[in-house]
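Indexing begins at 1, ligand by ligand and atom by atom, following the structure's order. Because the structure is predicted, anything quoted here is derived from the model rather than measured.
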Amino acid sequence: MGEISVLGAGAFGTALAISLAATGRDVTLWARDAEAAQVMQANRENARRLPGKAFPTSLTATSDLTKACEGRVLLLAVPMQQLAGFCDTNKRLIQHKTLVSCCKGVDLTSERGPLAVLEDTVPDADVAILSGPSFAVDIADGLPTALTLAGRDQATVDHLQTLLTTANIRLYSSLDPLGVEFGGALKNVIAIACGLAIGAGLGESARAALMTRGFAEMQRLALRLGAERDTLAGLSGFGDLVLTCTSEKSRNFSHGLKLGRGAKIDPTVTVEGVATAKAVAHLSRSLEIDMPITTTVTQILNRDISISEAAESLLSRPLKRE
Ligand SMILES: NC(=O)c1ccc[n+]([C@@H]2O[C@H](COP(=O)([O-])OP(=O)(O)OC[C@H]3O[C@@H](n4cnc5c(N)ncnc54)[C@H](O)[C@@H]3O)[C@@H](O)[C@H]2O)c1
Ligand SMILES: O=P(O)(O)OC[C@H](O)CO
């Protein structure tokens, strides 16, 4: 087994493993389902999550978590709401390792981001976060992007920045993991709002207004929690907001779009913004931070109000300075 393992063989974990292994590094991709791992290893693709994207020769798929955790650097690519449970259950195997969260969301139970979840559940690990504009399918196709690698410790961040850079992923480093994780989490909620607006026929101008005012509320919360303003304006905040709010490749945007059109929702698709909207709406209430778009998205998701009622309520708020 090589130095790098990716735990979680969904779309993103698989795409990262492909990009990393394409550089010639030995990379292990762990899937919890033994049969799925065997089929992936034999067929050299993840037909369920990333069909047609061939595995480089140095990529090994396995369901043996003990073996996968022999690597020193473990990238965690499970859905956000599974992260705490996964780390807690497998603490013995992942402690003392370098853990890099690839999740974008806020944990419903603790109302905290992935880095804090890792620090709480595996206090003996070195932790970092990878986030920014990146559709799994683009990464697996070798298309270029730039992401942010953030941690608290300069040496860890420097090491990971070099180790995880690939031919198509340019990594920028940051010592503001809180800003990075909250940018990545909050943009998903705004993407649902944009999908709702486009799906309900409210138009492109409404989307631009939601993105801009959404960005304002992302900043309000993140800065209050201690993030730096520049981080929110960077790849993991503004950069990912733009990508996610403007592409039907985004599951968050598409979720809103479907709801806006009254179309059927596939409950098996990972849509991080749904749980994150709930967690953030609650968090913003307790911190008394004004987040009208996030609150409205939660009300629509809970079916408390319709999209037209939501638009009316957002438009009729007291007038204020930008
Ligand atoms: N797909 C993307 O383009 C993309 C890009 C950047 C970041 N992300 C982030 O990566 C994270 C994962 O997303 P994804 O797209 O890979 O989702 P996905 O739905 O494609 O895959 C999730 C994977 O996690 C596995 N899983 C679920 N619960 C688990 C558990 N308890 N233990 C072990 N494995 C478990 C599932 O079997 C599945 O293989 C999310 O937080 C997402 O926001 C995704
Ligand atoms: O498909 P989404 O909406 O989870 O978005 C994927 C990535 O976060 C985009 O950077």
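Of all protein heavy atoms, the one closest to atom 1 (O) of ligand 2 is Arg251 N, 2.8 Å. Scanning all protein heavy atoms for the shortest distance to atom 9 (C) of ligand 2 gives Asp240 OD1, 3.4 Å. Given atom 9 (C) of ligand 1, the protein heavy atom at minimum distance is Cys102 O, 3.3 Å.
The Ala9 neighbourhood of ligand 1 comprises atoms 39 (O), with distances under 4.0 Å to a heavy atom of that residue. Atoms of ligand 1 lying under 4.0 Å from at least one heavy atom of Cys103, given by number and element, are 41 (O). For ligand 1 and Ala136, the ligand atoms under 4.0 Å from any heavy atom of the residue are 1 (N), 2 (C), 3 (O). Residue Pro133 approaches ligand 2 through these ligand atoms, each under 4.0 Å from one of its heavy atoms: 10 (O).
Counting only non-hydrogen atoms, the option in Glu248, His255, Lys249, Lys187 that gets closest to atom 5 (O) of ligand 2 is Lys187.
Taking 4.0 Å as the cut-off between side-chain N and carboxylate O, Lys53 and Asp141 count as a salt-bridged pair. The pair Glu3-Arg72 counts as a salt bridge, with a side-chain nitrogen and a carboxylate oxygen less than 4.0 angstrom apart.
Both the backbone and the side chain of Lys104 come within 4.0 Å of ligand 1, judged by heavy-atom distances.
Aromatic ring pairs are classed by plane angle as parallel below 30°, tilted from 30° to 60° and perpendicular above 60°; the pair Phe215 and Phe238 is perpendicular.
The closest approach between any non-hydrogen atom of Ser134 and ligand 1 is below 4.0 Å. At least one heavy atom of Lys104 sits less than 4.0 Å from an atom of ligand 2. Using a non-hydrogen distance threshold of 4.0 Å, Arg48 does not register as a contact of ligand 1. Distances from ligand 1 to the non-hydrogen atoms of Gly85 include no value under 4.0 Å.
Among Val127, Ile4, Leu74, Thr156, the one residue that satisfies the side-chain contact (heavy atoms from CB on, under 4.5 Å) test with Thr98 is Thr156.
For ligand 2, one of its N or O atoms has an N or O atom of Ser250 under 3.5 Å away. Where the criterion is an N or O separation shorter than 3.5 Å, residue side chain and backbone included, Thr244 fails it with respect to ligand 2. Residue Ser134 places at least one N or O, backbone or side chain, under 3.5 Å from an N or O of ligand 2.
Between Leu75 and Leu164 there is a side-chain heavy-atom pair separated by less than 4.5 Å.
Here CG of Leu221 is found 5.0 Å from CD1 of Ile289. Values are rounded to the nearest 0.5 Å.
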